[in-house]
Amino acid sequence: MIERARNFIWHNARTLEQRWFEHAFDGGSANAVVQAVLAYRNDDGGYGHALEPDHRGPTSQPLHALRALQMFGEVDAPEHAESILTWLRNTCPDGSVPFGLSTSKGHPMAPWIAADDQGGLLLTAQIAAALLALGITDPWLDKATAYCWQEIDDLEKTHPYELRAAVMFLDETKDRKRAELAAEKLRHLHLEGYEEDEGLAMHDYAAKPTSLARTWFTDEEFDENLGELQNGQQADGGWNFHFPAFTPVVNFEWRSIATMDALLTLRRYGRIS
């Protein structure tokens, strides 16, 4: 399985995902991953240049900041979060992060990205989770955390991606008792807004065994889901993603990310060594 995935990555992935694979499975350098991420950094401390494949163009955007933070988490490099925090303080001073900023208008992006400067739980929760996972403490993160708690408390309905973002935040927040209570509420919320084939699988909510979302599913259900994930490896060695490719180049960019996510999830659950 890993050898087939290695072949796919070397044939199709960007330098970043190649370095990520090397670090995760072949003893490669963490610094090489960091340097690959830093190539996308802008002078304002944010990140651009399609680091997150669906948002093309050079301008610093929240989706790119999120991807950078997550990659720094993969290689335990919290020191590189500071420039992103500086950018967030200047761009989102109230602690609420938009899905897309109006500075990206005029550059290509997926049609589902609203570049309207409107803050929301979807990006705020994921960025807060990534910063918390890195062990970051900062007044801006305190604002973002308070915002996430308020939004989660007020949720009456949601969609799969927002639900996953909320769980990511709950998995990292320090208030464990409150997080457990909130997770129990979230599991019963009505989901809407996506077609069945664009939804998320169980392992997308519980990407690691310690996730609060793992308790939403029985052992039998989750074992079957992991089997489906394992069997999802394609003939070329990669995994597919389950949303539209809005421009041809993102097909292999997202497939490479999906391949890394699948391998790491399977390893966390003991399906591969």
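The figures that follow rest on heavy atoms only: side chains count, while hydrogens, waters and symmetry mates do not.
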Do you see a donor-acceptor pair shorter than 3.5 Å between the side chains of Q61 and T103?
yes
Consider only side-chain N and O atoms of Q126 and T124, and report whether a donor and an acceptor are under 3.5 Å apart.
no
Check whether NZ of the Lys or CZ of the Arg R255 lies under 6.0 Å from the centre of the six-membered ring of F241 and within 45 degrees of that ring's axis.
no
When you measure from the centre of the six-membered ring of F25, is the NZ or CZ of R267 closer than 6.0 Å and no more than 45° off the axis?
yes
Given side chains that start at C-beta, do those of M168 and L132 come closer than 4.5 Å, heavy atoms only?
no
Is the ring pair Y47/F72 parallel, tilted or perpendicular, if the boundaries are 30 and 60 degrees?
perpendicular
Sequence neighbours left out, what passes side-chain contact (heavy atoms from CB on, under 4.5 Å) with E151? Give chain and number order.
L121, Y147
Applying side-chain contact (heavy atoms from CB on, under 4.5 Å) to V97 and T91, what does each step give before you reach the verdict?
CA-CA 9 Å; V97 184; T91 307; over 6 Å; no
Just by distance, do the side chain of H159 and the backbone of E162 share a donor-acceptor pair under 3.5 Å?
yes
Centroid separation W239 to F8 less than 6.0 Å
no
Within the structure provided, determine whether D223 and T218 are in side-chain contact (heavy-atom separation under 4.5 Å).
no
On the 0 to 90° scale, with breaks at 30° and 60°, tag the Y205-W216 ring pair as parallel, tilted or perpendicular.
tilted
Heavy atoms from other residues, nucleotides or ligands near NZ of K185 exceed 12 (cutoff 6.0 Å)
yes
Taking the six-membered ring of W149, is the NZ or CZ of R178 close enough (under 6.0 Å from the centre) and on axis enough (within 45°)?
yes
Checking side-chain polar atoms at under 3.5 Å, does Q150 have a donor or acceptor matched by the opposite partner on D154?
yes
Between D219 and R214, does any side-chain N to carboxylate O distance fall below 4.0 Å?
yes
Decide whether D236 and H11 meet the rule of one side-chain donor and one side-chain acceptor closer than 3.5 Å.
no
Would you say the rings of Y40 and H49 are close, in the sense that their centroids are separated by under 6.0 Å?
no
Take E82 and R41, measure what salt bridge (charged side-chain N to carboxylate O under 4.0 Å, His left out) needs, and give me the verdict at the end.
CA-CA 12 Å; E82 181 55 40; R41 191 171 72 181; over 6 Å; no
Parallel, tilted or perpendicular: ring planes of F222 versus Y269, cut at 30 and 60 degrees:
tilted
Does the pair R19/E22 count as a salt bridge with the N-to-O cut at 4.0 Å?
yes
Residues D26 and R6 bridged, charged N to O under 4.0 Å
yes
Decide, yes or no, whether a salt bridge links R67 with E74 under the criterion of side-chain N to carboxylate O below 4.0 Å.
no
Consider only side-chain heavy atoms of I, L, V, M, F, W and Y, link residues closer than 4.5 Å, and tell whether V250 and W112 are in one cluster.
yes
